Amino acid sequence: MAKLEVEILTLFPRMCTGYLGESILGKAQESGLLAVHVADVRDHASGKHRVADDAPYGGGAGMVMKPEPLIAAVEAARERLPGARVFLTSPRGVRLDQALARQVAEEGRAIVACGRYEGVDERVRSVVDVEVSLGDFVLTGGELAALALVDAAARFIPGVLGNASSAGEESFSGEGGLLEHPHYTRPPSYRGMKVPEVLLSGDHRRIERWRRREALRVTRERRPDLFARLTPTEQDLRLLEAADDEL
Ligand code: SAH
C-alpha cells in the first residue's frame, strides 16, 4: 500500500504537530497512510544550553542556525528514512508546485529541514538535495513551507482524501493544467445569489460541460500564463462561447 513517510526537522515541533494532527492529515496518520516524525533540531545541539543559533560572521542583524545541530538532525533522519531526498525550506528555493508535491508522494518519503531566524549556515546545503520555497515572500521560519509540502503531497496518496475523487482532478494537475471550476452547495438561493440552474438539472453531461467551460473561463481570466500553454479542443473553443442554455 502506498504511503508517505516524512521527517520534519524544526526548532519548533509543536508548530507542526498541531497542524498535522487535525482533519484529513490527522486521519491519514491514524490509518497509517501518512507517517510524519517531527524532530526537534535542538535535541542535536550540544552543551548545557543546547544552542542552535549564533551571530553571523561579518556582522549584521539577527541570528543564523548553526550547521552542526541541523546536519546531525538530517543524518539521524536519514537513518530512519534511507533514500529520502532532503529538502531545505528557503526563499531561494524552487517554488513548491503540484508537480513537486506529486513527485514527493511518488517517492513515498522526504526529509524537510526548516530554517529560522536569518536563515541557516550555508554549509548545511552540503546535505541538502533541494531547496524549496513557498513563494516570493519571507516567512519567520520554514515550518509553513514544510507543512505545505507534506499536505500537498499527502493528498496524492490513495485513500487520504475521503472520497473516490483524486488529487489528479484538481486545479493545476488534472484537465491539462486548468484551474478548477466553482463549487456550490445548499441552499439553492442565498441573499438573492442563485446556484446555476445547470447544477440542479441532474443532467450529468450538461454539468460536465458547464464545469469544463467554467474551468476554461476562470483559467483564461485569472491565469493567462496557464491558459497560453493549453491546447484547447474545438469543443473547448465552442464551450467558451456557449451560454448556459446552449450547453
Ligand atoms: N534572511 C533570509 C530569510 C530568512 S527567513 C532571506 O532574506 O532570504 C527564515 C527561514 O524561514 C528561512 O531560512 C527559511 O527556512 C524560511 N522561509 C522564509 N521564507 C520562506 C519561503 N518563502 N519559502 C520557504 N521557506 C521560507
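Small disclaimer: the values here were computed from a predicted structure and weren't measured. Atoms within each ligand, like the ligands themselves, are counted from 1 in listed order.
Proximity of a side-chain donor or acceptor of Arg206 to a complementary backbone N or O of Asp244 within less than 3.5 Å is detected. Proximity of a side-chain donor or acceptor of Glu214 to a complementary backbone N or O of Arg211 within less than 3.5 Å is not detected.
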Verdict with reasoning, His181 to Arg213, per side-chain contact (heavy atoms from CB on, under 4.5 Å): CA-CA 8 Å; His181 58 76; Arg213 186 196 66 188; over 6 Å; no
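Between Lys66 and Asp121 there is no salt bridge, since none of the side-chain N atoms of the basic residue sits less than 4.0 Å from a carboxylate O of the acidic one. A salt bridge is absent between Glu7 and Arg78; no separation between the charged side-chain nitrogens and carboxylate oxygens falls under 4.0 Å.
Listed by chain and number, residues touching ligand 1 at under 4.0 Å (heavy atoms only) are Thr89, Ser90, Pro91, Gly115, Arg116, Tyr117, Glu118, Gly119, Val132, Ser133, Leu134, Gly135, Phe137, Val138, Leu139, Thr140, Gly141, Gly142, Ala145.
Taking the side chain as every heavy atom from C-beta outward, Arg209 and Gln235 approach each other to under 4.5 Å.
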